[in-house]
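Shown next, in structure tokens, is the structure this report addresses.
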Protein chains: 2
Amino acid sequence: MAEPTLTISDRIQQELDRLTRAERQLAHSILENYPASGLGPLTALAKDANVSTPTVARMVQKLGFKGYPEFQNELREELKAKAKNPIAKHDTWTEGAPSGHVLNRFTDAVIDNIRHTLGQIEPETFDRACALIADTAHPLYIVGGRITHTMAEYLFLHAQIIRPRVTHIQSTSNAWPHYLLDVGEGDVFVIFDVRRYENNTLKLAEMAHARGAKIILFTDQWRSPVHSLADICFSSRIVAPSAWDSAAATLLLVESVISAMQDINWEDTKDRAERLEDMFDQTRLFRKFT
Amino acid sequence: MAEPTLTISDRIQQELDRLTRAERQLAHSILENYPASGLGPLTALAKDANVSTPTVARMVQKLGFKGYPEFQNELREELKAKAKNPIAKHDTWTEGAPSGHVLNRFTDAVIDNIRHTLGQIEPETFDRACALIADTAHPLYIVGGRITHTMAEYLFLHAQIIRPRVTHIQSTSNAWPHYLLDVGEGDVFVIFDVRRYENNTLKLAEMAHARGAKIILFTDQWRSPVHSLADICFSSRIVAPSAWDSAAATLLLVESVISAMQDINWEDTKDRAERLEDMFDQTRLFRKFT
DNA sequence: ACAGCGTTGTAATAAATTTGACATTATTCT
DNA sequence: AGAATAATGTCAAATTTATTACAACGCTGT
């Protein structure tokens, strides 16, 4: 399908010469605040341009639309496309694969999720969360559920290098109450809970909250019930062309948190990472070369 | 005049908790294509969000507008203001954060990684890999290392729903040789191995290869030594503005594989997923509503 | 100057959108 | 488990909005 790629703005400018006096007046009024003015009621647009309503109706028909509503519809489509576009300039991500291929469809969805997720985050909130997570004055607990424990563990594995006193709890394990024994005022909990919200996770959050712990929640756009207990809540978009959800946007947030954490405690982190390297050397766990 | 500088989008997000189910559904629909969808007729918006028209009317009143037209009016004002604003907003992902903020820098890197990663994949190779992974005629083994076992487990958790005979092996566990006892000709191994390539993983791959297993490798752009044994190799870009690497592109591939797998075995998957739901219902592990 | 034609506005009509009243359904609390 | 309450949808009335018909105006050329 060959996209016209001709915006209404373009079309109006093209026709400008063929338009009559009142119509030109109107055209300029539309272009003045494009596309906002065209999206209001016909009456308002006419008054704005100091022309009569039928002039508006006639002009949109001259431009090839059946009526004003159809004209507005296309304006809105344009707006939608514009919002999507900055990133979607890639027709296909994988060369040689049709745009309907899983890889392309899935990647589109993930990029979209990322954009929406990031768009909803206030940088101050994010910074505050990172400061809390990086604060070594309080123990850090990381909690995940059935699927999300993978994200929790990913965070844990890195947090463990960056700072001491980090614990990973799986809410699906029935041993989780044990961990709460030592929890006190001001301890920090990072909790992951996405769709198919888990009862165990909620109970755990309630108990942690009752003990005065601060809760940072990573959830989806519909928000886990834990969010009412959370001090800070990040909701990622997780929709994907699949029977299951995508964790990609969540992972991006987690990795950003890790990156921010290490910047906060850089001296410590460097030191700890070096000591870790030494220990790895002694265990011969990794290959020295290649 | 003190401008509130609070966009409707902000206000909706702020109120999100106080909104009811149908209203939240609607709110998400508005934010999905913001502000385009809110500028159409109330009727269309309601249909889009699968709620009734009065729900829309009620919500905009809850947000403090006299009626839908007034709501639209403010949306248009917002749009005008945005268009007038000399700073082109959309070069940062998180509004309000400077382009040097971790979130923006990290996201840029991840999108770039995704682009590079996808650009190097041949769709035929990908399809072949998915066919192998989905083929229930052979057992499937999924192997991960120190950090990558989180990706391995993510794949495992989903693969387990989609097909039988899936096993997750952590190469860092010293029990991994046990798993190789039963491995035979044609078994399929999915192996994750990224920088700081692990000796255990390589040994495991060698033994699996010696037994005639097929190996599908997920590695980074520098390629794990396992790649010489692999039938299929995917290398993701993993560079990030951080002391550690980003797994986001790898996760995207994994999720795409999951999506493709389920399409291949859809009948089976559906059946298995339903049975799983039943079992979940019986365990009361998840919340039924909200 | 005035006939003719194209342009524009006024007013009435038709169509649509929005809002309000009420019944039904879901949820919460006891 | 059942009553009370809140949420949601259906339907109809009211309002707004778009369109059409027609009259007035102004320009152009003879």
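In what follows, every chain begins at residue 1, and chains take the letters A, B, ... in the order their sequences are listed. What's counted below: heavy atoms across the whole structure, side chains too, no hydrogens, waters or symmetry copies.
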Evaluation steps, side chain to side chain donor-acceptor pair (under 3.5 Å), between D193(A) and S224(A): CA-CA 6 Å; D193(A) 194 27; S224(A) 145; 2.8 Å; yes
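- Distance, K47(A) NZ to dT17(D) C1': 13 Å, rounded to whole Å.
- Annotation: side-chain contact (heavy atoms from CB on, under 4.5 Å) contacts of P54(B) (sequence neighbours excluded): S52(B), R58(B).
- For the helix from dA1(C)-dT30(D) to dT30(C)-dA1(D), the angle separating the two terminal helix axes comes to 30°, with each axis derived from five pairs and the value rounded to 10°.
- Note on K80(B) versus E74(B): no salt bridge recorded, every NZ/NE/NH1/NH2 to OD/OE distance being 4.0 Å or above.
- Residues Y154(A) and E255(A) bring a donor and an acceptor atom of their side chains to less than 3.5 Å of each other.
- Whole-Å rounding puts the L26(B) CG to dG9(D) P distance at 10 Å.
- Aromatic rings from F126(A) and H101(B) are positioned such that their centres are separated by under 6.0 Å.
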Nucleotides 7-26 of chain C: protein proximity per nucleotide (B base, S sugar-phosphate only, - neither; heavy atom, under 4.0 Å): SBBB-------SSB------
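- When the C1' atom of dT19(D) is taken as reference, atom CE of M59(A) falls 17 Å away, rounded to whole Å.
- For the residue pair N104(B) / T107(B), no side-chain donor-acceptor distance below 3.5 Å is found, with atom types taken as modelled.
- Looking only at atom types and distance, the side chain of Q221(A) has no donor-acceptor partner in the side chain of S235(A) under 3.5 Å away.
- Counting heavy atoms from C-beta outward, L251(B) and M151(A) have side chains that approach closer than 4.5 Å.
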